[in-house]
Amino acid sequence: MVNGHRSTGDTQKDVQAKLGDTPVRHERMAAVAHLYRAAAAVRQHFENSVLRGVELTWTSFVVLWVVWIGGERETRRVAEDAGISKGTLTGVARTLQSRGLLERKDHPTDGRLALLALTPEGERLMDRVFPEFHAEEVFVTEGLSDDEALDLAELLGRVVAQVETRGEERRLELLDGQDPRPRRSGRRAKR
């Protein structure tokens with residue numbers, strides 16, 4: 001065990017014991033497991049440090065970041081660039097609007113579309129918070145050289161590209177062309 005976590009070797013042995021002769025590509029399992037754990041650890045660190053003081057979640061910060069960097073944008077583009085659904089963006093945007101950080105405007109030429117822009121207060125918040133946020137980006141990657149950080153970014157970009165370019169095709173294949181069933185909360189149905 002390292003830092004309270006099981007070693008990859010121990011996990012591989014336990015998986016093989018559980019699955020017997022079923023072939024397992026342990027290197028792929030380890031890559032996805034560490035990707036998940038790293039993402040969760042980084043997100044939790046940011047939410048419990050720099051974002052806690054300004055009462056932002058990871059997702060709300062990412063939405064502010066996308067609009068701060070890209071300027072006024074259509075909601076569908078903000079959702080896409082933030083990596084969230086339009087429904088999730090709706091809730092996050094409403095919260096940020098109620099805090100006076102974001103404003104929603106009608107599209108000037110297409111009444112079906114809406115635009116999001118930072119308010120002056122939202123601009124001031126991002127000007128203040130981003131340097132602190134970036135300091136934590138440096139902190140969480142301190143164990144990597146600059147070249148390793150660039151290699152990691154490139155490798156993770158390839159994982160994202162795989163899912164974004166071939167994921168829908170794979171989902172349809174796995175579901176025999178059917179739409180996915182609605183998600184459940186995990187609770188049992190009421191009787």
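These numbers come from a predicted model, not from an experiment. Side chains are part of it too, since the values below use all heavy atoms of this structure and drop only hydrogens, waters and symmetry mates.
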TODO: Output, in order, the C-alpha distance, side-chain angles, deciding distance and verdict of salt bridge (charged side-chain N to carboxylate O under 4.0 Å, His left out) for Glu74 and Arg77.
DONE: CA-CA 5 Å; Glu74 291 180 15; Arg77 289 298 313 268; over 6 Å; no
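- Under a hydrophobic-cluster definition in which Ile, Leu, Val, Met, Phe, Trp and Tyr are linked whenever side-chain heavy atoms come within less than 4.5 Å, directly or via other members, Val140 and Leu35 are assigned to different clusters.
- Of the residues Asn48, Val54, Leu56, Val50, the one that meets the side chain to side chain contact (heavy atoms under 4.5 Å, CB included) test with Arg52 is Asn48.
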Open item on the list: What verdict does the side-chain contact (heavy atoms from CB on, under 4.5 Å) test give for Leu174 and Arg170, after you've listed the backbone C-alpha separation in whole Å, the side-chain angles of each residue and the deciding distance to 0.1 Å?
Closed with: CA-CA 6 Å; Leu174 292 171; Arg170 178 69 172 165; 4.0 Å; yes
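- No side-chain heavy atom of Glu103 sits under 4.5 Å from any side-chain heavy atom of Leu118.
- Salt bridge annotation for Glu121-Arg124: absent, with no cationic side-chain nitrogen under 4.0 angstrom from a carboxylate oxygen.
- The neighbour count for Asp106 CG, taken as heavy atoms of other residues, nucleotides or ligands under 6.0 Å away, does not exceed 12.
- A salt bridge does not link Glu80 to Arg76: none of the charged side-chain nitrogens sits closer than 4.0 Å to a carboxylate oxygen.
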Do any side-chain atoms of residues 62-72 form donor-acceptor pairs under 3.5 angstrom with protein atoms, and if so which ones, sequence neighbours left out?
residue: Trp68; atom: NE1; partner: Glu123; partner atom: OE1; Å: 3.4
residue: Trp68; atom: NE1; partner: Asp127; partner atom: OD1; Å: 3.4
residue: Glu72; atom: OE2; partner: Lys105; partner atom: NZ; Å: 2.8

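- Residues Ser49 and Glu136 approach most closely at OG-CG, 4.3 Å, considering heavy atoms.
- Atom CG in Leu125 sits 8.5 Å away from atom CZ in Phe61 (nearest 0.5 Å).
- When atom types are taken as modelled, the side chain of Thr165 and the backbone of Ala161 share a donor-acceptor pair closer than 3.5 angstrom.
- The distance from the NE2 atom of His134 to the CD atom of Glu132 is 13.0 Å, given to the nearest 0.5 Å.
- To the nearest 0.5 Å, atom CG of residue Leu116 and atom CG of residue Leu102 are 5.0 Å apart.
- Enclosure of atom CD in Gln44 is not indicated, since only 12 or fewer non-hydrogen atoms of other residues, nucleotides or ligands lie within 6.0 angstrom.
- Looking at residues two or more places apart in sequence or on another chain, you find a side chain to side chain contact (heavy atoms under 4.5 Å, CB included) between Arg112 and Asp110.
- Criterion: ILVMFWY side-chain heavy atoms under 4.5 Å apart, direct or through other members. Under it, Leu150 and Phe139 are not part of a common hydrophobic cluster.
- Listed here is the closest heavy atom pair of Leu175 and Asp179: CD1-C, 4.4 Å.
- To the nearest 0.5 Å, atoms CD (Glu137) and CZ (Phe130) are separated by 5.5 Å.
- Panel note: side chain Glu47, backbone Trp58; a donor-acceptor pair is recorded below 3.5 Å.
- Counted by atom type alone, Thr95 and Ser98 present zero donor-acceptor pairs between their side chains at under 3.5 Å.
- Atom-to-atom distance recorded for Leu101:CG and Glu55:CD is 10.5 Å, nearest 0.5 angstrom.
- Ile84 and Leu115 are not part of a single hydrophobic cluster, where members link through side-chain heavy atoms under 4.5 Å apart.
- Looking only at side-chain heavy atoms (C-beta outward), Leu152 and Leu156 come within less than 4.5 Å of each other.
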Task: Test log, rule side-chain contact (heavy atoms from CB on, under 4.5 Å), inputs Thr75 and Lys86 - done: CA-CA 8 Å; Thr75 53; Lys86 289 183 276 183; 6.0 Å; no
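- Residues Val92 and Ser60 come closest through the heavy atom pair CG1-CA, 3.7 Å.
- Side-chain contact annotation: Arg43 with Thr59, donor-acceptor N/O pair under 3.5 Å present.
- In this structure, Thr141 contributes its side chain and Leu144 its backbone to no donor-acceptor pair below 3.5 Å.
- Every residue two or more places apart in sequence or in another chain that forms a side chain to side chain contact (heavy atoms under 4.5 Å, CB included) with Thr90 is listed here: Arg94.
- Nearest approach of Ser145 to Glu148, heavy atoms of both residues: N-OE1, 2.8 Å.
- Under a 4.0 Å N-O distance rule, the pair Glu168/Arg171 qualifies as a salt bridge.
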